[in-house]
Colleague: 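I'd like to ask some things about the structure below.
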Amino acid sequence: MIIIKKPVVTEKMTAMSEKLGRYAFIVDKRANKLQIKAAVEELYNVKVDAVNTINYEGKLKSRYTKGGAVVGRRDAFKKAVVTLKKGETIDFFSSI
């Protein structure tokens, strides 16, 4: 099972990472906090202080076409906000 799917790189999360040392990741829905902590520590070589998780339900989406209304749902996902120990940082853009 791949625990970390992708990092969340937005203006809000960039500001949080600079001020508070918190980083967000989209993770597997079945992963628990201990697995997420171990995966982040192994992948980025940092020490994790805390992990908070949020389960998002997929948004209901609809559009109207010639054939009638098409109703669907976006995929549900789980987001993990990881707080690192003091002095630790993750650089997402070093390999670009």
Colleague: Determine the interplanar angle of the Phe25 and Phe92 rings, folded into 0 to 90°, and report it as parallel if under 30°, tilted if 30 to 60°, perpendicular if over 60°.
Modeller: perpendicular
Colleague: Do Val8 and Lys6 have side chains that get closer than 4.5 Å, going by heavy atoms?
Modeller: no
Colleague: Does some side-chain heavy atom of Met13 sit less than 4.5 Å from a side-chain heavy atom of Thr10?
Modeller: yes
Colleague: Is any side-chain heavy atom of Tyr23 closer than 4.5 Å to a side-chain heavy atom of Val81?
Modeller: no
Colleague: Run the side-chain contact (heavy atoms from CB on, under 4.5 Å) test on Thr65 and Arg63 for me, step by step, so that the C-alpha distance in whole Å, both residues' side-chain angles and the decisive distance to 0.1 Å come before the verdict.
Modeller: CA-CA 7 Å; Thr65 64; Arg63 67 176 189 259; 4.0 Å; yes
Colleague: Short question: side chain of Gln35, backbone of Asn32 - any donor-acceptor pair under 3.5 Å?
Modeller: yes
Colleague: For Leu60 and Arg73, which heavy atoms make the closest approach, and how far apart are they?
Modeller: CD1-NH2, 4.0 Å
Colleague: Output, in order, the C-alpha distance, side-chain angles, deciding distance and verdict of side-chain contact (heavy atoms from CB on, under 4.5 Å) for Lys61 and Arg74.
Modeller: CA-CA 7 Å; Lys61 302 298 273 183; Arg74 284 191 185 167; 3.5 Å; yes
Colleague: Rounded to the nearest 0.5 Å, how far does CD1 of Ile26 lie from CD1 of Ile54?
Modeller: 9.0 Å
Colleague: Should Val27 and Ile90 be counted in the same cluster of Ile, Leu, Val, Met, Phe, Trp and Tyr side chains packed under 4.5 Å apart?
Modeller: yes
Colleague: Enumerate, atom names and distances included, each donor-acceptor pair closer than 3.5 Å involving a side-chain atom of residues 37-51, sequence neighbours excluded.
Modeller:
unit_1 : atom_1 : unit_2 : atom_2 : d
Glu41  : OE2    : Val48  : N      : 3.1

Colleague: Can you tell me how far CD1 of Ile2 sits from CG of Asp28, rounded to the nearest 0.5 angstrom?
Modeller: 8.5 Å
Colleague: Would you check if Lys33 and Thr53 make a side-chain contact, meaning some heavy-atom pair closer than 4.5 Å?
Modeller: yes
Colleague: Nearest 0.5 Å, please: how far is CD in Glu57 from CZ in Phe77?
Modeller: 11.5 Å
Colleague: Using 0.5 Å steps for rounding, measure from the NZ atom of Lys78 to the NZ atom of Lys5.
Modeller: 11.0 Å
